[in-house]
Trainee: 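Mind having a look at this structure? Questions to follow.
Remember, it's a predicted structure, so these values are computed and weren't measured experimentally. Just so you know, these numbers use all the heavy atoms, side chains as well, and skip hydrogens, waters and symmetry mates. Throughout, protein chains are lettered first and strands after them, A, B, ... in sequence-line order, and every chain is numbered starting at 1.
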Amino acid sequence: MKKPIAGGTNGAVVVALPHPGTRRARGLTRFLESERLLASLLLAPTVVLLGTFIAYPFVSGVWLSLSDTSVGNVGHFVGLKNFAKAWDDSIFQQAFRNTFFYTFWATIFKLALGMWLALLLNRSFRGKRLVRASMLLPFIIPTVLSTFAWRWMFDPTFSVLNWLLFRTGFIVNKIPFLSDGVYGMWCAIVVNTWRGMPFFAITLLAGLQTINPDLHEAASLDGANGWQRFWHVTWPLLKPVTLVVVVFSIIQTFSDFQLIYVLTGGGPANATHLLATYAYQVGVATGLLGEGAAISLFMLPVLFVVVWVQLRYLRRLEGA
Amino acid sequence: MAQVLLKDLNKKYDEVHAVKDVNLHIRDKEFIVLVGPSGCGKSTTLRMVAGLEEITAGEIAIGDRVVNDLPPKDRDIAMVFQNYALYPHMTVYDNMAFGLKMRKFPKAEIQKRVQDAAEILGIQDLLKRKPRQLSGGQRQRVAVGRAIVRHPQVFLFDEPLSNLDAKLRVQMRVELKRLHDRLETTAIYVTHDQVEAMTLGDRVVVMKDGWIQQVGEPLELYTKPSNRFVAGFIGSPAMNFVDVGIQGSDSSLTAQGTGIRLAIPPVNASQLGPYKGQRVTLGIRPEDLHIAAGGDQAGYVFDAVVDVVEPLGSEILLDVKAGPNSLVARVEPTVRLKVHDGVRLAVNPDRLHFFDMTSEKAI
């Protein structure tokens, strides 16, 4: 034990010495002061959660896809057989094409309409906050619920849309909204756009609000008209935000399940199946867990590429 | 190059009347400065000239054209913003070229003009950089460059130096003045800094609460302020004000305040005659106060107590109390005085200002 520094008169130099009773507390303090240990401690809950709910299901999904597991039957390793089988399956091919088609058009519409809405909402007008808040409604209503409402509107017999178009004289024959494959696909795209547009609008609006309004004034003094101001000032500055939203949306739309499941169930005649709904049909409804897992894993490389492109592009923007 | 005419200009927002009956004739090639405290309507006036604010009533003419209904791009003006408003995603070159590109100038012409402007401003080496790679002063130069490449009829400056640090502000102020001498383009410059206003302006317009208080050359505003507001706003440290009563006979009027009694100099006597028996505001600039010496006439001295001593090197600012009145005197740096010392101060009798108590107008 250290002694007080010599030389001081009694009481002049006070040196704090460890109190015997605080030894245990000091052990804990020392433990918490070690950055490495503290870091592991703080990260542990996250690692456990991610491991249990993301990594484990993912790994077991990969395992399933490589096995012939089905309901009630412990599977054996079969290599890439499931993937090969899916690749040759015409319904899978249809679902694969559908997923791209659905993702492509829904994202385009969401971006275009979301941008338009964001630009409108970025102006000053009475009741701005109310409109902005109510715009989020499609986004916060549970998908299953709102899709049921849409399904009712597209119903072959009771479709309010058909009734409206018929009464206003736009059509003479009922439109087979969900009973025709092509119409069904476009209906799904419409509903997805309706549901996803607010997310685009709100995020882009947030992006727009970070743009200094002086830039627009400067541009209008520089001789730019409305469209040129958008193209030369707003759009370049909004690009990073737009890219993030688009990638988010692609990921969600590409793996969409609820909407199709409720609206068409993949029908008619598998015409509106997406990878997720077909994987569910094969894996869960039919019970062929291995094959279902293989189908859903086809999504992985596509999404991987999307994320990679985004990260690369964002890094380039930051570096520029 | 052109003159600018503002006629009965008014701006009303929902509840605020921001600009009131502004009439101003800005001459060709003139550098005019609008100055006033924040909220005085100076920026709004400028933005109406730019076309960024709608005009509630009145008329603006640039050159021979009334521009009330013209959009900003057709007014042949260029503006420098307080926060520079450079396009962050464009290089310095593109920032400066943007206005010319929008107006479909040939490429060679654009290049020539940008090069010329860059040379004038000393930013040739920065043309390939992005704004965020520039310092505040460099950004300011680019913003000015973007304005001058257009060869507009009028330059508008909206507090362009207020984001710079003090040293750079002084330097840019000199550069702007030199630039104006060289380009001879009519310029309207808004600032809240009276030093900037005095040093830059051919004429200065002092505004308050939407009204023009006085228009004049810098020294005219300083020596002959038309009212108490202008007197207090122009000059640093500000003019001292003392409430006094006018007493005595016509031949020897005195200004009697609490703790201060001064003779009224003959130059002011005739105007102050009608105020006999009334109270007025006496204004004395700090530099018109000095330590009394033998040569000072008895009527123009008073006693005070030193409250604060502020040595500035080239001069000393003495904050003194004369009765309840606080005054600032600007005295020689050789003066040795301490807090609580008594001091006898003398005024310069030719430089006293008097203001009506109610109208606040100069008497």
Side-chain angles (χ1 to χ4, degrees), chain A residues 111 115 118-119 122-131 203-246 309-320, chain B residues 13-14 43 46-47 49-53 70-91 94-105 110 128-133 139 142-147 149-150 152-160 163:
Chain A
L111 176 60
M115 179 74 81
L119 289 170
N122 197 31
R123 296 165 177 236
S124 283
F125 55 89
R126 235 173 248 282
K128 182 166 69 175
R129 285 175 189 207
L130 193 74
V131 175
T203 317
L204 293 175
L205 180 62
L208 282 175
Q209 285 176 341
T210 65
I211 298 178
N212 183 351
D214 282 0
L215 291 181
H216 285 270
E217 296 187 340
S220 64
L221 281 160
D222 268 340
N225 61 31
W227 167 250
Q228 287 167 325
R229 286 203 295 277
F230 175 78
W231 186 245
H232 292 291
V233 179
T234 312
W235 175 243
L237 295 174
L238 210 54
K239 242 195 262 180
V241 178
T242 312
L243 190 78
V244 171
V245 201
V246 165
V309 167
Q310 179 213 11
L311 286 178
R312 251 183 70 105
Y313 184 75
L314 280 184
R315 202 163 295 163
R316 216 184 69 200
L317 274 186
E318 276 163 16
Chain B
Y13 297 101
D14 287 345
S43 274
L46 187 81
R47 290 170 59 81
V49 176
L52 298 171
E53 297 284 348
L70 285 182
K73 68 187 176 80
D74 296 331
R75 296 190 178 196
D76 205 3
I77 46 171
M79 182 156 164
V80 178
F81 292 82
Q82 178 175 358
N83 57 23
Y84 322 130
L86 298 176
Y87 309 120
H89 55 291
M90 295 184 197
T91 61
D94 289 333
N95 262 287
M96 288 165 70
F98 186 71
L100 301 173
K101 279 184 191 158
M102 288 298 110
R103 289 180 164 76
K104 305 226 156 51
F105 275 68
I110 295 179
K128 285 189 183 136
R129 296 214 198 151
K130 293 267 175 78
R132 74 190 133 99
Q133 297 164 305
R139 284 181 208 185
V142 177
V144 173
R146 183 169 67 180
V149 291
R150 298 242 318 274
Q153 290 203 346
V154 182
F155 284 134
L156 307 177
F157 296 93
D158 190 3
E159 310 218 12
N163 282 6

Trainee: Go through it in stages, so that I can follow the logic: the residues are His89(B) and Lys239(A), the test is side chain to side chain contact (heavy atoms under 4.5 Å, CB included), and I'd like the CA-CA distance, side-chain angles, deciding distance and then a yes or no.
Mentor: CA-CA 11 Å; His89(B) 55 291; Lys239(A) 242 195 262 180; over 6 Å; no
Trainee: Check whether any side-chain heavy atom of His232(A) sits under 4.5 Å from a side-chain heavy atom of Met102(B), and report yes or no.
Mentor: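 Of all side-chain heavy-atom pairs linking Met102(B) with His232(A), at least one is under 4.5 Å.
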Trainee: At a heavy-atom separation under 4.5 Å, does Arg75(B) approach chain A through its side chain, its backbone, both, or neither?
Mentor: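 Neither part.
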Trainee: Test Pro88(B) against every option in Val233(A), Asn212(A), Leu237(A) by the side chain to side chain contact (heavy atoms under 4.5 Å, CB included) rule and name the one that passes.
Mentor: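 Filter result, single survivor: Leu237(A).
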Trainee: Measure Tyr87(B) against the heavy atoms of chain A and call it side chain, backbone, both or neither at under 4.5 Å.
Mentor: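 Contact with chain A: backbone and side chain both.
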Trainee: Any side-chain heavy atom of Leu52(B) within less than 4.5 Å of one from Ser220(A)?
Mentor: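 A side-chain contact exists here, since the closest heavy-atom pair is under 4.5 Å.
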Trainee: Where on Leu86(B) is there a heavy atom nearer than 4.5 Å to chain A: the side chain, the backbone, both, or neither?
Mentor: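 It is the backbone, since no side chain atom gets that close.
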Trainee: Is the shortest side-chain N to carboxylate O distance from Lys101(B) to Asp222(A) below 4.0 Å?
Mentor: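 Here Lys101(B) does not pair with Asp222(A) in a salt bridge, since their nearest N and O are not under 4.0 Å apart.
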Trainee: Out of Arg146(B), Gln82(B), Arg103(B), return the one with the most heavy atom pairs under 4.5 angstrom to chain A.
Mentor: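 Highest number of heavy-atom pairs under 4.5 Å: Arg103(B).
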Trainee: Report the distance from atom CE of Met79(B) to atom CG of Asp214(A), rounding to the nearest 0.5 Å.
Mentor: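 It comes to 7.5 Å.
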Trainee: When rounded to the nearest 0.5 angstrom, what distance separates NZ in Lys73(B) from CD in Gln228(A)?
Mentor: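 With rounding to 0.5 Å, NZ (Lys73(B)) is 8.0 Å from CD (Gln228(A)).
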Trainee: What is the distance from atom CG of Asp74(B) to atom CG of Leu221(A), rounded to the nearest 0.5 Å?
Mentor: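 Taking CG in Asp74(B) and CG in Leu221(A), the distance rounds to 11.0 Å.
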